[in-house]
Amino acid sequence: MRLSRYFLPTLKETPAEAQIVSHRLMLRAAMVRQHAAGIYTWLPLGFAVLKKIEQIVREEQNRAGAQEMLMPTIQSAELWRESGRYDDYGKEMLRITDRHERDMLYGPTAEEVITDVFRTSIRSYKDLPKILYHIQWKFRDEVRPRFGVMRGREFLMKDAYSFDLDTATARHSYNQMFVAYLRTFARMGLKAIPLRAETGPIGGDLSHEFIVLADTGESEVHCHRALLEKPTPEGVDYDADLQPLVDEWTGLYAAADEMHDVTKAASLGDDLVTARGIEVGHIFHFGTKYSAPMGATVTGPDGDPVTVAMGSYGVGVSRLVGAIIEASHDDAGIIWPEAVAPFHVGLINLKVGDEGTDAACASLYDALGPDRVLYDDRDERAGAKFADMDLIGLPWQVIVGPKGLAKGVVEMKNRATGEREEISAESALARLSG
RNA sequence: CGGGGCGUAGCUCAGCCUGGUAGAGCGCUAGCUUUGGGAGCUAGAUGCCGGAGGUUCGAAUCCUCUCGCCCCGACCA
């Protein structure tokens, strides 16, 4: 993409409403604009990142055996009355009345909808298990939205739902999602650790939240050092028994502040790490909480109806955009992990109008392709270009100017480390294409 | 939902206390000079001073109401 044509209204100064670093950088880097409290417009650069993250989530869900679908944002209140949540949910639910005076709502989650789809479609235990998911906008009318995109009222979430014959088999579905989450966050360049979470009225130990470590995170977490060093599971056979793998990850001490056991933690000694984090995922098994009141049953092996056991698994897709920035930035701006970067490389033409420089840039641009490179072909001063490029944080910068070209080199800069190297355009190209 | 703060140019903000012709820096437009880390000079354009009501000869400024946004606390992907 040529920057001269791209919609990238970066800001030199920080808008007053932004307090935390990710929010500030997202506004300055022209990723989002605030529309109302907790509601954002995604500009091209921010949208590109959102799509990258969404795609990683999708790939890992599919790999784990979940199937993508799409449920509506506007839902009927009737279903929510069936589950009993229409009244329970309170003011966080945005309620709408349509022209026929029917009660509708903007979905804050989709247990009711998916349970309804399931019960009208699945009759036999032979059709189990199933994991279905969608990536859809949600609305929760938070009392106090804040932290930009990390705690908005409108947010993009991946929510998956599992259906099993009983709790024992449901555990396998749970484990599949557990492992999928480990992989999902790792692929985004994040250190995410699973913490045992409150399970509510259902009880049991089947709820975990996934916390991304970032100094500016909302919650304090305590965990065993070894958790931070554990390698991401590769080549997972999702049909195999995943329990040993899950046990490996849950066997080590890890707790958020509210679940923190000081005595137990102290016994870890030097292995105890206390850090801050941002919740980016939450999985739980809730049994028949919705299937029972809504009558989601299948015919079991013995011919009797069985109320299915369910679980739900959420990833805050839009929140991740902010969380990644919180975890990866410096004074100059964002530092995108390669996997989620909106472009792989930023090409800086230091002297637009200079024949040799223009030609060298054009050939690099053509070779790398418009999807991988953002080419700053604007007639701006070098300093402005450097500042903008650092701000938007593409992993690589290739800086091309007449001085370097006279020596037969371009400058290649690694955004994360700041390392610069003078190499020929050909070798830069080779490196970036690899 | 309790407590606090702020709405003035695209952005950051001054002016308000003590009422009297709407301001600065950055950005934008044009020209000249510049050009390897957010240039300099010159000339411009830009505002229902968040909205409504009131007090006053006169309101950005004082009063009342209202809308919006932010921050701190209790709750959440």
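Below, read A as the first sequence line, B as the second, and so on, with proteins coming before strands; counting in each chain starts at 1.
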Rounding to a whole Å, what distance do you find between I211(A):CD1 and rA77(B):P? 10 Å

Could you tell me whether a side-chain N or O of D377(A) sits under 3.5 Å from a main-chain N or O of S4(A), the two making a donor and an acceptor? yes

Nucleotide nearest E142(A) (side chain, heavy atoms from C-beta), chosen from rC11(B), rG38(B), rC75(B): rC75(B)

Toward the 5' end of RNA chain B, by each residue's nearest nucleotide, K12(A) or H282(A): K12(A)

Is it true that, when you exclude D215(A) itself, more than 12 heavy atoms of the residues, nucleotides or ligands shown sit nearer than 6.0 Å to its CG? no

Distance-minimising heavy-atom pair for K158(A) and A160(A): NZ-CB, 3.6 Å

Nearest whole Å is fine: how far is rC76(B) P from M157(A) CE? 14 Å

rA9(B) pairs with, by Watson-Crick or G-U criteria that keep both distances under 3.5 Å: none

Does rA60(B) have a Watson-Crick or wobble mate here (both distances under 3.5 Å), and if so which one? none

Of residues 400-429 of chain A, the positions that come close to RNA chain B - non-hydrogen atoms, cut-off under 4.0 Å: G401(A), P402(A), K403(A), G404(A), E411(A), K413(A), R420(A)

Are the aromatic rings of F284(A) and H282(A) close, with centres under 6.0 Å apart? yes

Would you kindly check whether a donor in the side chain of E13(A) faces an acceptor in the base of rG38(B), or vice versa, at under 3.5 angstrom? no

From F185(A), F210(A), W249(A), Y313(A), residue fulfilling ring-ring contact (aromatic ring centres under 6.0 Å, His included) relative to F178(A): F210(A)

Using a cut-off of 4.0 Å on non-hydrogen atoms, how would the nucleic acid contact of T14(A) be classed: base, sugar-phosphate, or nothing? sugar-phosphate

For rA22(B), give its Watson-Crick or G-U wobble partner with both distances under 3.5 Å, or none. none

Determine the contact category for G152(A): base if any of its heavy atoms lies under 4.0 Å from a base atom, sugar-phosphate if only primed atoms, P, OP1 or OP2 are that close, otherwise nothing. base

Once you apply a heavy-atom cut-off of 4.0 Å, does G383(A) come out as touching a base, just sugar-phosphate, or nothing? sugar-phosphate

Regarding E218(A), tell me which of base, sugar-phosphate or nothing describes its non-hydrogen contacts under 4.0 Å with the strands shown. base

Pick base, sugar-phosphate or nothing for A382(A), based on heavy-atom distances below 4.0 Å to the nucleic acid. sugar-phosphate

Need one value for D159(A): base, sugar-phosphate or nothing, where a base atom within 4.0 Å counts as base even if backbone is also close, heavy atoms only. nothing

Rounded to the nearest 0.5 angstrom, the OG1-OH distance for T115(A) and Y290(A) is 8.5 Å

Within the 4.5 Å heavy-atom criterion, are D164(A) and V308(A) side-chain neighbours or not? no

Would you say whether F386(A) stacks on rG36(B)? The test is a distance between ring centres of less than 5.5 Å and an angle between planes of less than 30°. no

Partner nucleotide, any strand, of rA14(B) [Watson-Crick/G-U, under 3.5 Å]: none

Regarding the side chain of R140(A), the nearest nucleotide among rU34(B), rA77(B), rG38(B) is rA77(B)

I399(A) near the nucleic acid: base, sugar-phosphate alone, or nothing, with a heavy-atom cut-off under 4.0 Å? base

Given the side-chain rings of F343(A) and Y375(A), with only the six-membered ring counted for Trp, is the space between their centroids under 6.0 Å? no

Indicate, with a heavy-atom threshold strictly under 4.0 Å, whether R33(A) touches base, sugar-phosphate, or nothing. nothing

Answer with yes or no whether the side chains of D358(A) and N349(A) bring together a donor and an acceptor at under 3.5 Å. yes

Base-pairing mate for rU34(B) - Watson-Crick or G-U, with both contacts under 3.5 Å: none

All pairs passing ring-ring contact (aromatic ring centres under 6.0 Å, His included) where residues 144-164 of chain A contributes a residue, at least two apart: F118(A)-F163(A)

Which one is paired to rG73(B), where only Watson-Crick or G-U wobble pairs with both distances under 3.5 angstrom count? rC1(B)

In the structure shown, which nucleotide is the Watson-Crick or G-U wobble counterpart of rC28(B), with both distances under 3.5 Å? rG44(B)

Which residue lies toward the 5' end of RNA chain B, K91(A) or L391(A), if each is placed at its nearest nucleotide? K91(A)

Check whether the ring centres of Y40(A) and H23(A) lie less than 6.0 Å apart, and answer yes or no. yes

To the nearest Å, how far apart are Q397(A) CD and rG36(B) C1'? 13 Å

Just by protein heavy atoms under 4.0 Å, how would nucleotides 66-74 of chain B read 5' to 3' in B, S and -? ---SSBBBB

Report which part of the nucleic acid V317(A) touches: base, sugar-phosphate, or nothing (heavy-atom distance under 4.0 Å, all strands). nothing

